[in-house]
Engineer: 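Following this message is one structure expressed as structure tokens.
Per chain, numbering begins at 1; letters A, B, ... match sequence-line order. Predicted model only: the values in this text are computed from it and were never measured.
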2 protein chains.
Amino acid sequence: MSKIKETSTNFANKQALSNKCLEVYSTNIIGGQWSLPICYALLSGKLRFGEIKKVLPNITERMLTLQLKKLEKNKVLTRKIYAEVPPRVEYELTSIGYELKPIIKELENWAKKHKKML
Amino acid sequence: MSKIKETSTNFANKQALSNKCLEVYSTNIIGGQWSLPICYALLSGKLRFGEIKKVLPNITERMLTLQLKKLEKNKVLTRKIYAEVPPRVEYELTSIGYELKPIIKELENWAKKHKKML
DNA sequence: GACATTACTTACATTTTTGTATGTATCCTA
DNA sequence: TAGGATACATACAAAAATGTAAGTAATGTC
């Protein structure tokens, strides 16, 4: 992954905040540019690597791989590899992954209100 | 602010995503390490610069200033300066700022579930 | 035997975010 | 007149996130 420096102040701050504020705990998992869009795409069912790429045309393969790994590590989604050639890999939200839905809903809700305000 | 390069691919991607996904629109505003904790602190009423600092002991003055500026620019909070010496500045959530509450609630909710899962 | 397909990996470069250290203005108080 | 208090600003440095370009492995198809 992207080698986080566990000695950095930033790392310590993130840890501390994460322990103190539950919201931060969550955003440490689903933050980042692409996590939420990926989860959003998966809300309607499992998808292959290439299919996610099509839904998010601007994402690079590198970023997609990294984010999927992180989300898998945090048990937000699962990875199923089929022993085929060419390879086939399917990604699916776990139950905790599906429970991101209310968060996404509220974020969308807020965005609408905020846009209306302008 | 931190001089964003409007010619970068990253900038273009953020714009594009922000337009397509409402969730991303929101996280572009309240993302970042300190935004949510600051808003959370302000949910219980207006606070002075120094008071926010006390609530978030690890934040640097620089970061606090930057985040407050960004949040003010996005109309999440307001800044009121009192012509006193030493200076007094109060920060208060706007009505759209207060409406972040459901988002924070869902994030906390999810965090609890996620922790329980481990 | 060259080529396409798929889901990656790796090395490297750029951009963005965050942190460190120091300085500033004004007035009051000791 | 030297500090103290407050809310910043500024220059610089480090770390983290993201992007670019190229390569890989296995197999089927032309």
Engineer: When all nucleic acid strands are considered with a 4.0 Å heavy-atom cut-off, which category describes A/Q33: base, sugar-phosphate, or nothing?
Structural biologist: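 It contacts sugar-phosphate atoms only.
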Engineer: Could you tell me which non-hydrogen atom of A/I96 sits nearest to which non-hydrogen atom of A/K75, and how far apart they are?
Structural biologist: CG2-O, 3.2 Å
Engineer: Nearest to the side chain of B/S8, heavy atoms from C-beta on, is which of C/dC12, D/dA7, C/dT16?
Structural biologist: C/dT16
Engineer: Could you check whether atom NZ of A/K20 has more than 12 heavy atoms from other residues, nucleotides or ligands sitting under 6.0 Å from it?
Structural biologist: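 Counting other residues, nucleotides and ligands, NZ of A/K20 exceeds 12 neighbours.
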Engineer: So A/P87 and A/I81, do their side chains get closer than 4.5 Å, heavy atoms only?
Structural biologist: no
Engineer: Starting at the 5' end of DNA chain D, which residue's closest nucleotide do you reach first, A/E6 or B/G50?
Structural biologist: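 Final value for this comparison: B/G50.
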Engineer: Measure CD1/A/I52 against C1'/C/dT6 and give the value in whole Å, please.
Structural biologist: 14 Å
Engineer: Any idea which of D/dA16, D/dG19, C/dC8 is nearest the A/T60 side chain?
Structural biologist: D/dG19
Engineer: Base, sugar-phosphate alone, or nothing: which one does A/T9 contact when heavy atoms must sit under 4.0 Å apart?
Structural biologist: sugar-phosphate
Engineer: Rounded to whole Å, how long is the line connecting atom CG of B/L17 with atom C1' of C/dT16?
Structural biologist: 16 Å
Engineer: Nearest whole Å is fine: how far is C/dT17 P from A/N28 CG?
Structural biologist: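 Taking CG of A/N28 and P of C/dT17, I get 16 Å after rounding.
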Engineer: With heavy atoms under 4.0 Å as the rule, sort B/E61 into base, sugar-phosphate or nothing.
Structural biologist: base
Engineer: For a quick test of reading the model, state the closest non-hydrogen atom pair linking B/P37 to A/L17 and the distance between them.
Structural biologist: CG-CD2, 4.1 Å
Engineer: A/L93 versus A/L71: any side-chain heavy-atom pair under 4.5 Å?
Structural biologist: no
Engineer: With heavy-atom distances below 4.5 Å as the criterion, would you say the side chains of B/E106 and B/W110 are in contact?
Structural biologist: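 Heavy-atom side-chain distance check fails, nothing below 4.5 Å.
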Engineer: Which of these nucleotides, C/dT17, D/dG19, C/dT18, is closest to any side-chain atom of B/N10?
Structural biologist: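 Among C/dT17, D/dG19, C/dT18, the one nearest the side chain of B/N10 is D/dG19.
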Engineer: Using a heavy-atom cut-off of under 4.0 Å over every strand shown, decide if B/K14 touches base, sugar-phosphate, or nothing.
Structural biologist: sugar-phosphate
Engineer: Measure the distance from NZ on B/K54 to P on D/dT6 and round it to the nearest whole Å.
Structural biologist: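 Distance check: B/K54 NZ to D/dT6 P gives 7 Å.
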Engineer: Considering only C/dT18, D/dA7, C/dT10, which nucleotide approaches the side chain of A/R62 most closely?
Structural biologist: C/dT10
Engineer: Using a cut-off of 4.0 Å on non-hydrogen atoms, how would the nucleic acid contact of A/Q67 be classed: base, sugar-phosphate, or nothing?
Structural biologist: sugar-phosphate
Engineer: Of the options D/dT18, D/dA9, C/dG19, whose atoms approach the side-chain atoms of B/K69 most closely?
Structural biologist: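 Shortest atom-to-atom distance from the side chain points to D/dA9.
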Engineer: From CD1 of A/I81 over to P of C/dA7, roughly how many Å is that when rounded to an integer?
Structural biologist: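 Between P of C/dA7 and CD1 of A/I81: 12 Å.
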Engineer: How long is the line joining CZ of A/R79 and C1' of C/dC8, in whole Å?
Structural biologist: 8 Å
Engineer: Please state how far atom NZ in A/K70 lies from atom P in D/dA16, giving the value in whole angstrom units.
Structural biologist: 12 Å
Engineer: Which nucleotide in the set C/dT15, D/dA7, C/dA7 lies at the smallest distance from any side-chain heavy atom of A/R48?
Structural biologist: C/dA7
Engineer: Please pick, from C/dT16, C/dT6, C/dT20, the nucleotide with the shortest atom-to-atom distance to any side-chain atom of A/P86.
Structural biologist: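 Taking heavy atoms from C-beta onward, the closest nucleotide is C/dT6.
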Engineer: Go nucleotide by nucleotide along DNA chain D from the 5' end; which of A/I59 and A/F11 gets its closest nucleotide reached first?
Structural biologist: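 With A/I59 and A/F11 compared, the 5'-side residue is A/F11.
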Engineer: Go nucleotide by nucleotide along DNA chain C from the 5' end; which of A/N13 and A/V89 gets its closest nucleotide reached first?
Structural biologist: A/V89
Engineer: Can you check the A/Y82 OH to C/dA7 P distance for me, whole Å?
Structural biologist: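 My rounded result for the distance is 12 Å.
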Engineer: Which of these nucleotides, D/dA17, D/dT18, C/dT9, is closest to any side-chain atom of A/T65?
Structural biologist: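 Of the options given, the side chain of A/T65 lies nearest C/dT9.
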Engineer: Need one value for A/Y91: base, sugar-phosphate or nothing, where a base atom within 4.0 Å counts as base even if backbone is also close, heavy atoms only.
Structural biologist: sugar-phosphate
